[in-house]
Engineer: 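Quick one: the structure is below, questions incoming.
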Amino acid sequence: MSKVLLSPEAFLKAQAEQRSIQDKWSLDRLRLEADAAADPRVRALIVKACQGDPLFWFDHFAWTYDPRPEQGRENVPFIPYDYQRKMILWLWESIKSTRGTAQRKNLLVEKSRDMGASWTMLAFFLWSWLFENGSYLIISRKEEEVDKKGDMDTPFEKLRFMFYRLPEWMRPAGFVERDHDKFLLLKNPEGGDIVGESANRNAGRGGRKLAVLFDEQQAMGNDEAAYRACAQTTNVRISVGTPAGPAGLYYRLANAKEKIAIDKLRLHWSLHPEKGAGVQTIEGAMRSYWYDQQVDTMTPEEIAAELDISYATSVRGLIFPEYTELNKWFPPQVQLMGVKAIFGEEGAPICRVWDPGLTFANMFLQKDSHNRALVLKENITTDASIHDVAQQMEELSQWFERRLKPKRWEDCGDPAGASRQNSAQEAPEYITLRDQYSFDVDYLFMSDMSSKLRVKSRIAAVKNLLQRICAAKKTPYLVVNVKECPTLDEAMAAKYRWKIDRYTKQIFEGRVQEEHPHEDVMDCLGYGVVYWWGVAPLPSRGSREEIYSPPASEIVWDYYGRG
């Protein structure tokens, strides 16, 4: 970045102006509350004004919380900035337009950090809950990230903070805290509720909602099934987040990779009246005095994710920067006469890869006639018995057998699995797989390597395929079915990283950050690639492979109508 120093004058002026605005509105609020307390007719007029205009309610009754010492006070009247006012009206119009209709909308807020998007969203929900009997669902990664008493970082504590600062006469008639304010639930006795849930495949089964919020969706990692399920719960799905690498459902939604209509609102730091004060474009980059102060204390990856809304450079310590959109296969959305395209090649051999552990990962990997590695599907189970995993793999294998008709099946896996056995098992897992299920797992192909060398070899083998282009297909030699391998996609794009020291931020290349299940699916891919392609330069067809004639069409059509 250029060393040109920007003057703080515009920033300080904007800061003073915002404090003056806050002081003015604080006085106006006090006068209005005093008039309302003295006259029920004034209260009725205020309620009517709030019902017809969420901006009136925000200006006079909404609150926000900011504990930073430079703000001077923690409890702050929520007077929306211009970009927040546009966001409020955008939400209002979007939800109104679908209410009582068959119309559906997918909204997405793409933001720099600390733009007040979550506070704005939650305050709007609270307004609708108060004056429209609105019902909403808030989803985050875990329940404790949705609601935890005393933790202002959770959405429900933000809602409580705002609700209990309202005057008594504005609260719903009959509201009793012990009955209507519970864990993951804020209920309006006159109708409507705000409910919280963790991201899971059954999310949203509890009833219809005006809208469903996926809060900080980029960090969920398990939101695919929940997002799909909520299409039947609401007409409006709302995604809010900041970049966390080029992977995951939030990334795909924000970058139009899902082939569904998305109405996107982008909240860049330059829209903020203080942060964007005196903004300039220098050497092609937007800068301001505030921005430069942030940059001085942040890593390039933090700057990309939290300020610049950049996906490509928002992850530090990436192991596979070579993994790009070229490596991803997205299922076609259009059906022809009820028929869907399947990813894979009919007749080509398929390898089932096994990585036993508390998180048990499996992968279906195919070598096509061009010697490409096609990653067909991942399968992840936690705390499951070897019998449960084997039965799942049998069912999945039968599915591929009917549709891709592989000429040969092979199995390979982590050498450590040869001796893995718990007290409830009668034999090591690979022995059980061979004797009871006919999965003969080859674990000797890497058994002579140390564990560190195995990791290096797997990474080198995957990089080898990523860096080479198949001239016949104009794709890299490694292609991933993103729909069936979402965890692998996230791992390669962002979650599988070199270890980073939490204090010095130093990257330890050669030591992988332990993060399950992303580490497990990457181990699977690495074992499969080494097993069939080795770690040397890309081999020609033949090693470990019979020569066979592929069908005329490389796309197999599934006449059962399933993809």
Side-chain angles (χ1 to χ4, degrees), residues 1-29 55 58-60 62-90 109-123 152-153 158 161-162 216 240-244 264-311 313-314 316 505:
M1 179 182 288
S2 169
K3 294 298 183 182
V4 175
L5 297 178
L6 299 180
S7 168
E9 183 177 346
F11 171 76
L12 295 174
K13 180 180 178 181
Q15 201 173 53
E17 287 175 353
Q18 292 306 313
R19 286 176 179 164
S20 175
I21 291 171
Q22 286 285 339
D23 291 342
K24 173 187 176 300
W25 277 104
S26 295
L27 287 173
D28 285 351
R29 285 183 171 210
L55 292 177
F58 267 82
D59 288 338
H60 295 91
W63 289 83
T64 186
Y65 175 82
D66 194 336
R68 290 172 295 187
E70 65 268 21
Q71 300 303 318
R73 52 184 172 175
E74 293 183 345
N75 304 339
V76 183
F78 192 167
I79 312 302
Y81 299 121
D82 286 345
Y83 72 86
Q84 291 171 324
R85 303 178 91 81
K86 292 177 182 177
M87 178 179 172
I88 293 162
L89 295 177
W90 174 68
V109 179
E110 190 179 47
K111 63 184 181 68
S112 302
R113 75 169 183 183
D114 195 27
M115 292 294 284
S118 293
W119 279 99
T120 305
M121 189 76 64
L122 295 169
M152 198 64 76
D153 288 335
K158 289 183 173 76
F161 174 85
M162 291 184 283
E216 296 299 336
V240 176
T242 55
K264 184 166 77 170
L265 185 68
R266 185 178 172 88
L267 302 182
H268 189 264
W269 61 265
S270 58
L271 296 173
H272 194 287
E274 295 180 18
K275 298 171 184 179
V279 66
Q280 299 180 36
T281 300
I282 300 175
E283 298 178 358
M286 296 183 74
R287 288 178 51 192
S288 71
Y289 174 78
W290 173 88
Y291 180 85
D292 284 359
Q293 306 311 302
Q294 309 305 304
V295 165
D296 285 345
T297 60
M298 299 172 72
T299 67
E301 293 77 18
E302 290 170 333
I303 295 167
E306 299 186 9
L307 300 182
D308 294 343
I309 316 184
S310 170
Y311 295 86
T313 56
S314 60
R316 192 160 190 242
K505 304 301 182 183

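What's counted below: heavy atoms across the whole structure, side chains too, no hydrogens, waters or symmetry copies.
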Engineer: Any non-hydrogen side-chain atom of Leu307 less than 4.5 Å from a side-chain atom of Met298?
Structural biologist: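 When only atoms from C-beta onward are counted, Met298 and Leu307 do touch, with a gap below 4.5 Å.
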Engineer: Please report the closest heavy-atom contact between Trp269 and Val279, naming both atoms and the distance.
Structural biologist: CH2-CG2, 3.9 Å
Engineer: Is Ile21 close to Tyr81 at the side-chain level, that is, under 4.5 Å between some pair of heavy atoms?
Structural biologist: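 Not touching, per the 4.5 Å side-chain cut-off.
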Engineer: Considering only heavy atoms from C-beta outward, does the side chain of Ile282 approach that of Leu6 to under 4.5 Å?
Structural biologist: yes
Engineer: Can you give me the closest heavy-atom contact between Leu122 and Lys158, atom names plus distance?
Structural biologist: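 Between these two residues, the closest heavy atoms are CD1-CD, 3.6 Å.
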Engineer: Would you say that Val109 contacts Met121 through its side chain, given a criterion of any heavy-atom pair below 4.5 Å between the two side chains?
Structural biologist: yes
Engineer: Of all the heavy-atom pairs spanning Gln84 and Ile79, show the shortest one and how long it is.
Structural biologist: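 Nearest heavy atoms, Gln84 then Ile79: OE1-O, 4.4 Å.
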Engineer: Taking all non-hydrogen atoms of both residues, which atom of Leu271 and which atom of Tyr83 are closest, and how far apart?
Structural biologist: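 Shortest heavy-atom contact: O-CD2, 3.6 Å.
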Engineer: Should Glu216 and Lys111 count as an ion pair when the cut-off is N to O under 4.0 Å?
Structural biologist: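 Answer for the salt bridge query: yes.
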Engineer: What are the two closest non-hydrogen atoms of Ser26 and Pro77, and how far apart are they?
Structural biologist: OG-CG, 3.5 Å
Engineer: How are the rings of Phe58 and Phe78 set relative to one another: parallel (under 30°), tilted (30 to 60°) or perpendicular (over 60°)?
Structural biologist: perpendicular
Engineer: Could you tell me which non-hydrogen atom of Ala277 sits nearest to which non-hydrogen atom of Ala10, and how far apart they are?
Structural biologist: CB-O, 3.5 Å
Engineer: Should Met286 and His268 count as side-chain neighbours, where that means a heavy-atom distance under 4.5 Å?
Structural biologist: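 Yes, their side chains come closer than 4.5 Å.
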Engineer: Evaluate the side-chain proximity of Glu17 to Glu274: yes if any heavy-atom separation is below 4.5 Å, no if none is.
Structural biologist: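 No, too far: nothing below the 4.5 Å cut-off.
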Engineer: Applying side chain to side chain donor-acceptor pair (under 3.5 Å), can you list everything that pairs with Thr64, at least two apart in sequence or on another chain?
Structural biologist: none
Engineer: Any side-chain heavy atom of Met115 within less than 4.5 Å of one from Thr242?
Structural biologist: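 No, every pair of side-chain atoms sits at 4.5 Å or beyond.
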